[in-house]
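A short worksheet on the structure shown next.
Just the heavy atoms: all of them, side chains too, but no hydrogens, waters or symmetry mates, feed the values below.
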Amino acid sequence: MSSQIFPTLPGLAWNVGMSPTFSTGVKKAVSGRELRASYQAYPLWLFNLSYEFLKDGKRGADLDTLGGLFLQMKGQFDSFLYTSPADNAVTAHTFGTGNSSTVSFQLIRTFGAGGFGFAEPVQNLNGAPLIYINGVLKTLTTHYTVDSSGMVTFTTPPASGVSLTWTGAFYYRCRFMQDMADFSLFMADLWELKKLSLIGATGNKI
């Protein structure tokens with residue numbers, strides 16, 4: 001599980017696909033009645049990227065950067081950190097409610113709106129988060145600590161009923177979906193990669 005960060009390159013096309021996937025077992029009786037079992041508490045997210053150009057040689061080092069990461073990860077073998085263009089930060093986001101006894105709370109983010117929302121653990125932070133109790137900003141190390149998996153531990157248990165919120169950015173932990181990357185040279189020192197698929201989660205599932 002590496003700490004490498006997926007690079008931001010100028011040739012990325014705008015048609016970035018983002019697909020949540022679950023795993024469900026479905027058994028159907030002769031009567032037609034179904035019995036279903038969910039095998040995942042949280043989804044895996046599939047990202048489909050397309051690069052219209054990757055500069056190489058005198059034009060730049062985009063090909064070496066992306067190709068180097070792919071080789072370093074050995075295709076599907078190792079994981080890395082990826083910033084989703086659509087889902088990478090929260091502002092004043094609730095991650096718990098005090099009860100006068102619990103001191104440790106996992107950071108989460110909720111995806112959805114309009115009465116539909118799904119909370120997932122955030123375990124790969126991009127920078128230090130800001131932590132608030134009832135809207136009051138607290139001080140790192142004085143009032144709380146945050147570990148590498150997004151677990152916030154307060155020095156004193158938050159009082160019952162107080163809201164715990166955070167503001168900050170996060171990564172998805174991903175791996176490549178294939179063991180091959182199909183780079184294509186279409187002009188001098190310019191390459192393209194029509195499809196690159198990643199799969200990952202806001203937590204450390206990959």
Side-chain angles (χ1 to χ4, degrees), residues 1-6 8 16-27 33-47 79-175 198-206:
M1 189 166 66
S2 80
S3 58
Q4 295 285 26
I5 298 173
F6 191 85
T8 299
V16 175
M18 181 177 178
S19 307
T21 63
F22 284 93
S23 177
T24 305
V26 180
K27 298 290 185 181
R33 185 177 179 86
E34 289 185 346
L35 178 65
R36 295 180 297 276
S38 178
Y39 302 138
Q40 290 179 199
Y42 303 106
L44 291 176
W45 293 80
L46 175 63
F47 299 95
S79 65
F80 50 86
L81 301 174
Y82 171 69
T83 299
S84 166
D87 182 33
N88 59 58
V90 297
T91 301
H93 193 84
T94 299
F95 68 96
T97 302
N99 61 8
S100 297
S101 61
T102 303
V103 295
S104 294
F105 298 82
Q106 174 67 53
L107 291 179
I108 62 171
R109 79 93 172 83
T110 301
F111 192 99
F116 302 99
F118 186 86
E120 295 178 73
V122 171
Q123 294 183 308
N124 294 283
L125 295 169
N126 182 358
L130 301 178
I131 303 298
Y132 300 81
I133 297 181
N134 262 8
V136 179
L137 178 63
K138 297 301 175 180
T139 304
L140 181 63
T141 70
T142 300
H143 300 117
Y144 68 93
T145 58
V146 185
D147 69 14
S148 59
S149 61
M151 184 67 72
V152 178
T153 301
F154 293 96
T155 54
T156 302
S160 293
V162 300
S163 175
L164 310 177
T165 58
W166 75 289
T167 294
F170 59 88
Y171 298 107
Y172 281 75
R173 177 159 293 282
C174 292
R175 65 166 172 83
L198 319 176
I199 189 166
T202 57
N204 289 320
K205 297 180 63 177
I206 293 295

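Rounded to the nearest 0.5 angstrom, Leu130 CG and Thr165 OG1 are separated by 9.5 Å. To the nearest 0.5 Å, the span separating CG on Leu164 from CD1 on Ile133 amounts to 6.0 Å. Atoms CG and OG1, from Asn134 and Thr97 in turn, are 9.5 Å apart once rounded to the nearest 0.5 Å. To the nearest 0.5 Å, atoms CZ (Phe170) and CD (Gln123) are separated by 12.5 Å. From Gln4, atom CD reaches atom CG of Leu81 across 9.0 Å, with rounding to the nearest 0.5 Å. Between Met151 atom CE and Thr153 atom OG1 the span is 7.0 Å, to the nearest 0.5 Å.
Under a 3.5 Å cut-off, the side chain of Ser23 and the backbone N or O of Tyr39 do not form any donor-acceptor pair. Checked by atom type and distance alone, the side chain of Gln106 pairs as donor or acceptor with a backbone atom of Ser149 at under 3.5 Å. Side chain of Asn126 to main chain of Tyr171: no donor-acceptor pair is present (N/O by atom type, distance under 3.5 Å, no hydrogens or angles). Listed for the His93 side chain is a donor-acceptor partner under 3.5 Å among the backbone atoms of Thr110. Checking side-chain atoms of Ser160 against main-chain N and O of Asn99 turns up a donor-acceptor pair under 3.5 Å. In this structure, Ser38 contributes its side chain and Gln40 its backbone to a donor-acceptor pair below 3.5 Å.
Comment: Glu120 engages Arg109 in a salt bridge, judged by a side-chain N to carboxylate O separation of less than 4.0 angstrom.
Of all the heavy atoms in Met18 and Ala86, the pair that sits closest is SD-CB, 4.2 Å. Smallest separation of non-hydrogen atoms from Ser2 and Ser79: OG-O, 2.6 Å. When all heavy atoms of Leu44 and Ala201 are compared, the pair lying nearest together is CD2-CB, 4.2 Å. Minimum interatomic distance between Ile108 and Ala119 (heavy atoms only, all atoms of both residues): CD1-CB, 4.0 Å. The shortest heavy-atom contact between Thr167 and Ala92 is OG1-N, 2.8 Å. When all heavy atoms of Tyr144 and Thr155 are compared, the pair lying nearest together is N-CG2, 4.2 Å.
Aromatic rings of Phe80 and Phe6 (six-membered ring for Trp) have centroids within the 6.0 Å cut-off, being under it. Aromatic rings from Tyr82 and Phe47 are positioned such that their centres are separated by under 6.0 Å.
When each of Tyr42, Trp45, Phe118, Tyr172 is checked for a ring pair (Phe, Tyr, Trp, His ring centres under 6.0 Å) with Phe111, only Trp45 meets the rule.
Side-chain N/O atoms of Asp87 and Ser84 include no donor and acceptor closer than 3.5 Å.
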Could you walk me through whether Phe95 and Val90 pass the side-chain contact (heavy atoms from CB on, under 4.5 Å) test, one step at a time? CA-CA 11 Å; Phe95 68 96; Val90 297; over 6 Å; no

For Phe105 and Leu107, run side-chain contact (heavy atoms from CB on, under 4.5 Å): C-alpha distance rounded to whole Å, both residues' side-chain angles, the deciding distance at 0.1 Å, then the answer. CA-CA 6 Å; Phe105 298 82; Leu107 291 179; over 6 Å; no

Hey, mind stepping through Val152 and Ser104 against side-chain contact (heavy atoms from CB on, under 4.5 Å) and telling me if it holds? CA-CA 5 Å; Val152 178; Ser104 294; over 6 Å; no

Do Asn204 and Asn124 pass the side-chain contact (heavy atoms from CB on, under 4.5 Å) test, and can you show the C-alpha distance, the side-chain angles, and the key distance before you say yes or no? CA-CA 8 Å; Asn204 289 320; Asn124 294 283; 2.8 Å; yes

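Side-chain contact between Lys205 and Arg173 is absent, with no heavy atoms from C-beta onward closer than 4.5 Å.
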